[in-house]
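Here the structure comes first, spelled out in structure tokens, and everything after it is commentary.
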Amino acid sequence: MYKYDEIDQSLVDERVAQYRDQTKRYLAGELSDEEFRPLRLQNGLYIQRHAPMLRIAVPYGMLSSKQLHKLADIASQYDKAYGHFSTRQNMQLNWPLLEDVPDILAELAKVEMHAIQTSGNCIRNITTDQFAGVAPDEVVDPRAMAEVMRQWSTFHPEFALLPRKFKIAVSGTKQDRAIVQAHDIGMEFYLDAQQQLAIKVWVGGGLGRTPILGTVIREHLEWQHALTYCEAIVRVYNLHGRRDNAYKARIKILVKALGIDEFKRQVEDEWAHLKDAPNTITEAELARVAQHFEPMPYEVLAQHDASYDAATASNPAFAAWAKRSLHAHKIPGYRAVTLSLKTHGQAPGDASSEQMHAVADLAAQYSFGELRVSHEQNLILADVKLSDAFALWEKARAQGLASPNVGLLTDIICCPGGDFCSLANAKSIPIAQAIQMQFDNLDYLHDIGELELNISGCMNACGHHHIGHIGILGIDKDGSEWYQVTLGGSQGNQASLGTVIGPSFSAEEMPQVVEKLISVYLSERNGEERFIDTVRRLGIAPFKAHVYADKNAAKAEGIA
Amino acid sequence: MSHLISLQAGVANIAEDAWQFVALPPSQQEVRKQAGKVVLFKLTGEQTVTPEQIAGTLIPANGKVLVPLTVFIARKTELQARLDQQEVGVWLDTHESLTDLNQAQADLNALPIIAVHVERFADGRIFSLGTLLRSRYGFKNELRAVGDVLRDQLFFLKRSGFNSFAMRTDRSATEAIASLNDFSQPYQGAVDEARPAFRRYNR
């Protein structure tokens with residue numbers, strides 16, 4: 001993974017000094033709340049319900065063992081010995097003290113980490129596929145370009161105070177796993193007819209209050225121009241995006257208001273001036289960064305491993321886990337392994353300091369000392385030998401990191417919700433836990449098969465509920481918490497936004513609502529058909545009818 | 001004491017202000033409200049200055065004057081002689097258009113100073129306007145940030161081509177100077193240093 005040189009290091013060190021001074025001035029009353037707000041936000045610090053929340057950047061989800069050990073230590077020393085991995089592949093601390101944040105940042109800087117631009121109205125952490133570099137369907141490893149773009153976006157002076165937050169995702173696979181269509185800018189790398197690295201650029205996607213999938217603004221962009229083209233897009237947005245209403249300030253609203261043709265014309269006009277400017281990426285720079293992402297020193301192994309085959313044959317628990325948690329790898333004899341942070345009854349995405357230390361050790365022992373955070377809020381060891389899978393499973397299981405539910409209904413994507421977040425309208429974690437307990441039977445869970453269930457505690461959609469096969473959105477009605485259910489959302493190349501099935505439910509009703517949705521699926525599915533495919537085939541009508549049947553009957557009786 | 005920071009050849013100092021800032025008279029129009037809150041941001045390209053305001057703007061008869069863009073456009077003939085003496089500068093709001101300025105004044109370098117007024121410090125359009133004035137319009141003279149100008153935006157303003165900063169008067173301008181150099185090795189090219197780190201160094 002990328003290693004800092006003195007330029008990278010001086011930048012994070014100077015950031016610590018700058019933020020220490022800003023915090024000092026705030027505490028001394030020399031900065032007002034309003035003035036300090038964007039400064040702390042651009043350092044990932046929110047003021048939350050119970051305490052500040054600090055969001056630490058994990059660029060494109062890559063961590064080293066050393067960094068994860070440090071995160072675990074920081075969580076122990078400055079927080080309640082756990083952290084929360086988010087859908088933007090970052091890590092959040094829920095209980096740090098505002099006064100301690102400069103010291104936390106100084107600790108992070110020692111392991112080449114920071115909290116720069118993890119919040120606020122600026123370009124946020126650039127995200128990508130958690131299987132980057134190892135996925136068999138990968139055309140281009142997107143990480144070198146993601147790093148080049150991370151550097152470009154860090155303290156970009158022109159875009160320091162945008163109308164609203166700005167999210168970029170990059171992807172280099174046939175099967176999109178980075179949800180590029182749900183980002184302000186999505187960059188899809190591919191090899192063009194001349195076998196040159198090229199980019200298909202999407203713009204104006206986003207979830208939140210007004211979910212919209214992005215539109216292609218340029219089918220073919222040579223990689224050298226990635227930064228200048230982004231500058232053209234963000235400049236048009238910076239100058240013309242709405243600043244009078246935060247709910248209408250994302251670039252997607254501007255793109256819709258102007259229409260993609262007019263928006264594209266303005267971007268291309270700007271780009272005509274910016275093209276070939278010094279920010280054009282050089283071959284040498286891409287090569288310099290790419291050398292940090294060279295393939296690991298893999299052993300030459302057979303496709304199959306006898307010990308692994310024997311273990312799966314004799315140990316059903318291991319086999320069930322392996323089926324869900326092992327993912328195909330470019331190199332024979334290797335697998336990417338997902339360690340589930342979705343143990344039933346635990347807050348999705350949370351890991352204790354002890355678990356973080358354990359994962360860091362597992363990564364060091366079995367996966368070249370590196371790991372990734374997925375936007376599904378799990379941890380991935382990307383380069384594990386098949387022959388090590390059983391030993392890894394035993395150790396992970398001892399730490400509660402081997403739930404065999406990856407990609408299944410209880411692998412719930414969930415924001416911190418009303419328990420922690422001051423933006424939330426409703427709690428999300430207790431809903432996730434109640435659903436996990438409802439579906440605690442493993443055979444049943446595996447029978448239901450692949451299913452993505454996403455929960456957000458408010459319309460800011462940190463839990464990406466719009467693209468869940470089943471999406472749950474917490475809403476506030478007259479001061480009490482209710483939950484709206486959507487069906488048919490999806491990430492990937494066939495990305496779609498879910499449809500609301502009807503009136504919302506109370507928290508107590510939610511496990512039964514999901515149970516009813518599943519029962520319709522189980523009775524209607526054709527053979528191996530996945531939940532999402534059944535929804536697409538039948539539409540929401542039969543699901544809606546069953547879920548509301550009792551309610552409607554009760555209503556009819558009431559009238560009679 | 002002056003609250004003006006002047007940056008020349010990389011050295012920042014507190015400077016006396018030679019320019020008289022000419023404000024528009026208050027508008028008689030009601031402040032627009034939305035959901036009970038005053039709308040603080042004006043949208044790009046929005047016309048917000050009335051002919052009465054332009055006509056009613058009092059321009060001091062002597063000395064160097066920094067006049068609003070709308071007044072400059074409407075009353076340029078009246079100002080022409082002083083413009084030729086290098087005694088007229090123009091300020092614009094972040095929602096106003098550089099195209100309008102350029103149409104009224106084809107050679108921007110005839111203006112000794114252009115100022116961008118930022119009503120609220122969080123309005124980042126000022127950075128794009130500075131960048132465009134320097135890189136697109138080739139403006140070489142004094143470029144000043146005025147209004148809600150605070151220390152923690154100085155580094156970005158400098159990188160966006162500003163070399164003069166009228167700091168908010170309730171804060172220390174002397175202490176703010178340090179923030180012009182918050183970072184020593186920025187990654188990306190911008191107005192003050194067009195080369196990104198990868199072109200400046202053999203990394």
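Scope of the values below: all heavy atoms of this structure, side chains included, with no hydrogens, waters or symmetry mates. Just so we're on the same page: letters track the sequence lines, and every chain starts at 1.
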Item to check | chain B contacts, top residue of A:Glu6, A:Glu231, A:Arg15 (heavy-atom pairs, under 4.5 Å) | outcome: A:Arg15
Item to check | Over all atoms of both residues, closest heavy-atom pair of A:Arg243 and B:Gly124 | outcome: NH1-N, 3.2 Å
Checklist entry - Counting heavy atoms not belonging to B:Asn202, are there more than 12 under 6.0 Å from its CG? => result no
Checklist entry - Is there a side-chain contact between B:Leu150 and A:Leu31 (heavy atoms, below 4.5 Å)? => result no
Checklist entry - So how far is it from A:Leu274 CG to B:Thr131 OG1, rounded to the nearest 0.5 Å? => result 10.0 Å
Item to check | Non-hydrogen side-chain atoms of B:Asp182 and A:Glu14 separated by less than 4.5 Å | outcome: no
Next on the checklist: What part of A:Gln42 gets within 4.5 angstrom of chain B, counting heavy atoms only: side chain, backbone, both, or neither?
Outcome noted: neither
Checklist entry - Does some side-chain heavy atom of B:Arg199 sit less than 4.5 Å from a side-chain heavy atom of A:Thr280? => result yes
Checklist entry - Cut-off 3.5 Å, side chains only: do A:Asn279 and B:Gln188 have a donor facing an acceptor? => result no
Checklist entry - Can B:Tyr187 and A:Asp8 be counted as having a side-chain donor-acceptor contact under 3.5 angstrom? => result yes
Next on the checklist: Using a 6.0 Å cut-off, check whether atom CG of A:Asp478 has over 12 heavy atoms from anything other than its own residue.
Outcome noted: no
Item to check | Charged N-O contact under 4.0 Å between B:Arg151 and A:Glu35 | outcome: no
Next on the checklist: Pair A:Asp244, B:Lys42 - check salt bridge (charged side-chain N to carboxylate O under 4.0 Å, His left out), show working.
Outcome noted: CA-CA 7 Å; A:Asp244 57 334; B:Lys42 299 178 185 80; over 6 Å; no
Next on the checklist: Given heavy-atom pairs under 4.5 angstrom as the criterion, report whether the side chain, backbone, both or neither of A:Ser10 touches chain B.
Outcome noted: side chain
Checklist entry - Considering only heavy atoms from C-beta outward, does the side chain of B:Leu132 approach that of A:Leu239 to under 4.5 Å? => result yes
Next on the checklist: So for A:Arg288, is it side chain, backbone, both, or neither that comes closer than 4.5 Å to the heavy atoms of chain B?
Outcome noted: side chain
Checklist outcome for this item: Scored by heavy-atom pairs under 4.5 Å with chain A, the best of B:Ala190, B:Pro186, B:Ala197, B:Ser184 is B:Ser184
Checklist entry - Does OH belonging to B:Tyr201 count more than 12 external heavy atoms closer than 6.0 Å? => result yes
Next on the checklist: Looking only at side-chain N and O atoms, does B:Ser128 offer a donor or acceptor that is under 3.5 Å from a partner on A:Glu158?
Outcome noted: yes
Item to check | Output field: ring centroids A:Phe155/B:Phe183 closer than 6.0 Å | outcome: yes
Item to check | chain A contact via B:Asp170 - which portion, at a heavy-atom distance below 4.5 Å | outcome: neither
Next on the checklist: Less than 4.5 Å apart, side chain to side chain, heavy atoms only: is that true for A:Glu270 and B:Arg136?
Outcome noted: yes
Checklist entry - So, B:Arg171 side chain and A:Glu30 main chain: donor-acceptor pair closer than 3.5 Å or not? => result yes
Checklist entry - Nearest heavy-atom pair of B:Phe127 and A:Ala160: which atoms, and what distance? => result CE1-CB, 4.0 Å
Checklist entry - Would you say A:Leu161 and B:Ile126 make side-chain contact, with heavy atoms under 4.5 Å? => result no
Item to check | Inter-residue atom distance B:Ser179.OG - A:Gln22.CD, 0.5 Å rounding | outcome: 7.0 Å
Checklist entry - Any idea which heavy atoms bring A:Asn238 and B:Arg125 closest together, and the distance? => result O-CG, 3.2 Å
Item to check | A:Leu39 versus chain B, the contacting section by heavy-atom distance below 4.5 Å | outcome: side chain
Item to check | Interchain contact, A:Arg37 with chain B, by part (heavy-atom threshold 4.5 Å) | outcome: neither
Next on the checklist: Can you confirm whether more than 12 heavy atoms, excluding those of B:Lys76, are under 6.0 Å from its NZ atom?
Outcome noted: yes
Checklist entry - Checking heavy atoms, do the side chain of A:Gln151, its backbone, both or neither come under 4.5 Å from chain B? => result both
